Asker: 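First the structure, which I've put down as structure tokens, then a few questions once you've had a look.
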Amino acid sequence: MTMSMSMSTITHIVQATLAHLIQGMRLIAQPVHQTFFPYPIAATVHAARVSLAYQVNARSAARATGVGIQWGPYVVGYLVMTWGGTLWTHHILQIPPPMLYSTTPWIIYTSTHIILTFLTALFPIVLDNEIIKVLDTVLFPLDAMVRTGTVTSAVGLIAPTTPPALAPTALTHLLIGALASSGGTLTASTLSTWSATWSLTTPPILRAPTLLAFVLGSMDVWGGALVAAVYGVASGREEFKGVRGALGALGSKDVKEWRMEDLEARAVAAGLLAVCFGVRVYWMHWAGKARFERERVRGVKSEKEKTK
């Protein structure tokens, strides 16, 4: 009886979470404002989140070198960080990227970056570590939904004829998903585009000192591949037919024929990525403080025992 109630509760929670994620995915596809800024919320959120991250890195680089970055490399470096994934994936798939034929990406990203730059100049506290920590903690579910939208849109471009030399396989989906998710950050960090003088450096994820640091630092890479895989399996993409067959062999044979609607598949992938992002936020921003607090409590108890 208890086990049955527990499973029922878990099922209800999962269904409710999936429903909220579907609503969230629908919401971020809507324009910010029909008249004043008729561009998708998802792209605007992405532009804003990357702008803040870029400004934090630019401020740190300026403090370290004593040289501020000029407007030219400041804007272009930011665009490299935001558009890198799109440029890489479209180049591999031999498709012109939207910024070559549409003004929409230019309007969304440059306007958002410039506005936030002026706001942070007026209120520099926004770029302080504590504020960024709070933003990362509060917004990680939204970040996951936006990132999922980016990855699934990129893998949606994969077709049997695009390009002729690139066979659409499960591996192709994983590679495109990883690049769509992390291409911008990896390119910007490798070129140090937030510094006054760009230079070629080793990608930060390859300089991770520990395995945990590598796993957390490379989450944008393998997280994008994870989203592509989950979305491909859940939406019934032909490239993942083998995976669906294996799942059917392990469980119900109905899995081979079962598939979700596109939006549902995106929501499931976003939910899994949100869990990953939540773990990263905890380890990056809160685990160290928790460990410090535990050590402090142990130290206080040890001092009390010595004085007895």
Side-chain angles (χ1 to χ4, degrees), residues 10-11 13-30 40-43 45-46 49-50 85-86 88-90 92-93 136 139-159 168-186 215-216 218-248 250-251 254-282:
I10 293 173
T11 302
I13 292 173
V14 171
Q15 291 176 341
T17 302
L18 182 61
H20 285 301
L21 287 169
I22 291 174
Q23 290 178 356
M25 297 298 287
R26 285 199 182 105
L27 176 63
I28 63 175
Q30 301 300 314
I41 294 174
V45 169
H46 178 244
R49 294 288 284 148
V50 175
T86 300
W88 280 113
T89 54
H90 282 65
I92 291 174
L93 296 175
D136 288 347
L139 297 178
F140 77 84
L142 179 60
D143 291 339
M145 287 190 287
V146 170
R147 189 70 58 88
T148 298
T150 299
V151 172
T152 54
S153 295
V155 299
L157 299 173
I158 301 173
T169 64
L171 179 59
T172 305
H173 281 250
L174 300 183
L175 291 175
I176 294 299
L179 277 174
S181 175
S182 64
T185 301
L186 285 178
V215 172
L216 296 177
S218 62
M219 186 175 290
D220 288 343
V221 180
W222 60 260
L226 175 65
V227 167
V230 172
Y231 172 71
V233 173
S235 61
R237 291 293 294 251
E238 186 66 22
E239 294 87 343
F240 291 89
K241 184 177 180 180
V243 177
R244 294 166 65 84
L247 293 174
L250 293 174
D254 294 336
V255 174
K256 292 183 180 180
E257 305 300 328
W258 168 84
R259 67 178 61 189
M260 288 181 165
E261 295 293 332
D262 184 79
L263 189 58
E264 292 178 336
R266 291 177 185 237
V268 170
L272 291 176
L273 188 62
V275 172
C276 296
F277 280 5
V279 171
R280 180 169 65 179
V281 166
Y282 170 74

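Bear in mind that the values here come from a model prediction, so they are computed numbers and not experimental data. Heavy atoms only: backbone and side chains are in, while hydrogens, waters and symmetry mates are out.
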Asker: Identify which one of Leu226, Val227, Val233 satisfies the side-chain contact (heavy atoms from CB on, under 4.5 Å) criterion when paired with Val230.
Answerer: Leu226

Asker: So how far is it from Leu157 CG to Ile176 CD1, rounded to the nearest 0.5 Å?
Answerer: 8.5 Å

Asker: Contact between Ile28 and Leu142 at the side-chain level, heavy atoms closer than 4.5 Å - yes or no?
Answerer: yes

Asker: Holding to side-chain contact (heavy atoms from CB on, under 4.5 Å), I want the full list of residues that pass it with Ala170, two or more places apart in sequence or in another chain.
Answerer: Phe240

Asker: Between Val221 and Leu186, is the side-chain contact (heavy atoms from CB on, under 4.5 Å) condition met? List the steps.
Answerer: CA-CA 9 Å; Val221 180; Leu186 285 178; 3.9 Å; yes

Asker: Nearest 0.5 Å, please: how far is CG in Leu179 from OG1 in Thr86?
Answerer: 11.0 Å

Asker: Between Val146 and Ala42, what is the shortest heavy-atom contact and its length?
Answerer: CG1-O, 3.6 Å

Asker: To the nearest 0.5 Å, how far apart are OG1 in Thr150 and NE2 in His46?
Answerer: 5.5 Å

Asker: For residues 260-279, which side-chain donor-acceptor pairs fall under 3.5 Å, sequence neighbours excluded?
Answerer:
unit_1 : atom_1 : unit_2 : atom_2 : d
Asp262 : OD1    : Tyr231 : OH     : 2.2
Asp262 : OD2    : Arg266 : NE     : 2.8
Glu264 : OE1    : Glu261 : N      : 3.3
Arg266 : NH1    : Thr152 : OG1    : 3.0

Asker: Which pairs pass side-chain hydrogen bond (donor to acceptor under 3.5 Å, both in side chains) with one or both residues in residues 170-183, sequence neighbours excluded?
Answerer: Arg147-Ser181, Thr169-Thr172, His173-Glu239

